[in-house]
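Structure first, commentary second.
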Amino acid sequence: MISGGAGKRSGGGPAKCKRCREPAKVEVARANAAFCADCFLHYVRNQVTKAIDEHSMFDKTDRLLVCVSGGKDSLALWDILMDMGYDTTGFYIALWTGEDYCSESRDKCEAFAEKRGGKLIVHDLKEDEGFTIEQIAREGRRTPCSVCGLTKRYLTNLAASQGGYDVLVTGHNLDDEAATLMGNTLHWQTEYIARQMPALPSTHAKLVKKVKPLYRVSERETAAYSIIRGIDYIVEECPLVAGNTQIRYKDALNSLERLSPGTKQQFFFGYLDKAAPLFAASDPVVLRECNECGQPTPGEVCAYCRAKKQLRAKTRPAVEIEEVAP
Ligand code: Q46
Ligand code: ZN
């Protein structure tokens, strides 16, 4: 039995699929359910459909740019959206967080795209931007994850905007969203909490709508989905993940989830139902165009242009990286 979530199953004897009563293969403790392989795929697709519908994410007329990393979440999501008949293009950024890791993750994306007949766009940080995340980590002048996050947000929006895509789609799952919410709440970063919605509308002509259709699906569930579907994804984590503060929030939430299955969904879904409307009342950030690159930013020069200038100058950090565009 593949565990789609920690916890004990109630009742004795071999588990039966909740939907068809055949022998179960995947346990989903947070839903107090187990499914056979086919019904588990149906369950995951249902969760994605629910997310798309509840947040009016997109429809069949929209062109979607799907961010893929070679990991289980983004490839599973691309697989699901293709199966559902959406107009998708994959977008992979070679971040160079590690030589081998980068080659392997790119290979996984390219192999998946070829197998499924999907179109994949590759943006290479080393060739196209003139720096790598590994180099930033080595030089120790900035936190690699903060530059990496900023770079991904900037380049994915730029690609979607310049390519005329209607929606930018990311593979953030329930674990990601619960961990981010926990971090933002512990530090009472109210602006970030307000923006942690599964669908963020475009608030500027060059800022593309951004959505997270996997927010109802846990990390274990995307892993189980990928295994059942035969998706070949990169299992290793990014070599620089130790510097990612989200990991400790994920560990804490996993401990709670083990003791009380459903904790993550209660926390995040509860935020969406009860707290998000309160945060949404705060004034939206007004965006203008960056003086240097023309991309949307709340200030005169965007955080990405400032970060690149700083990297080129090879000086100690003088500016803080800020979140410019959700
Ligand atoms: S890829 Fe980038 Fe993550 Fe690696 S450097 Fe950090 S942020 S851990 S999702
Ligand atoms: Zn700029």
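First listed ligand is number 1; within each ligand, the first listed atom is number 1. When a residue number appears, it is its place in the shown sequence, counting from 1. Hydrogens, waters and symmetry mates are skipped; everything else that's a heavy atom, side chains included, is used.
With 3.5 Å as the limit, one finds a donor-acceptor pair spanning the side chains of Asp79 and Tyr225. A side-chain donor-acceptor contact under 3.5 Å links Tyr92 and Ser105.
Each protein N/O/S atom under 2.8 Å from the Zn ion (ligand 2) was counted, for a total of 4.
Listed by chain and number, the hydrophobic cluster partners of Ile234 are Tyr101, where partners are ILVMFWY side chains within reach of under 4.5 Å, directly or through others.
If you chain together hydrophobic residues whose side chains sit under 4.5 Å apart, Leu168 and Ile121 fall into the same group. At a threshold of 4.5 Å between side-chain heavy atoms, the hydrophobic network of Ile, Leu, Val, Met, Phe, Trp and Tyr places Trp78 and Val235 in one connected group.
Salt bridge status for Asp124 with Arg106: present, with a side-chain N to carboxylate O gap under 4.0 Å.
Taking a 4.0 Å cut-off on heavy atoms, Lys152 registers as neighbouring ligand 1.
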Distance-only donor-acceptor pairs under 3.5 Å for side chains of residues 172-179, two or more places apart:
from   : atom 1 : to     : atom 2 : distance (Å)
His172 : ND1    : Thr170 : OG1    : 2.8
Asn173 : OD1    : Asp175 : N      : 3.0
Asn173 : OD1    : Asp176 : N      : 2.8
Asn173 : ND2    : Asp73  : OD1    : 3.1
Asn173 : ND2    : Asp73  : OD2    : 3.3
Asp175 : OD1    : Glu219 : N      : 2.9
Asp175 : OD2    : Lys264 : NZ     : 2.7
Asp176 : OD1    : Lys250 : NZ     : 2.6
Asp176 : OD2    : Asn173 : N      : 2.9
Glu177 : OE1    : Gln196 : NE2    : 3.3
Glu177 : OE1    : Lys212 : NZ     : 3.1

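Excluding waters, the protein N/O/S atoms found under 2.8 Å from atom 6 (Fe) of ligand 1 are Cys145 SG.
Using modelled atom types, one side-chain atom of His187 and one backbone atom of Gly183 make a donor-acceptor pair closer than 3.5 Å.
For the pair Lys126 and Phe131, the cation-pi test (distance below 6.0 Å, angle within 45°) is failed.
Counting heavy-atom neighbours within 6.0 Å of Glu236 CD, excluding the residue itself, gives a total above 12.
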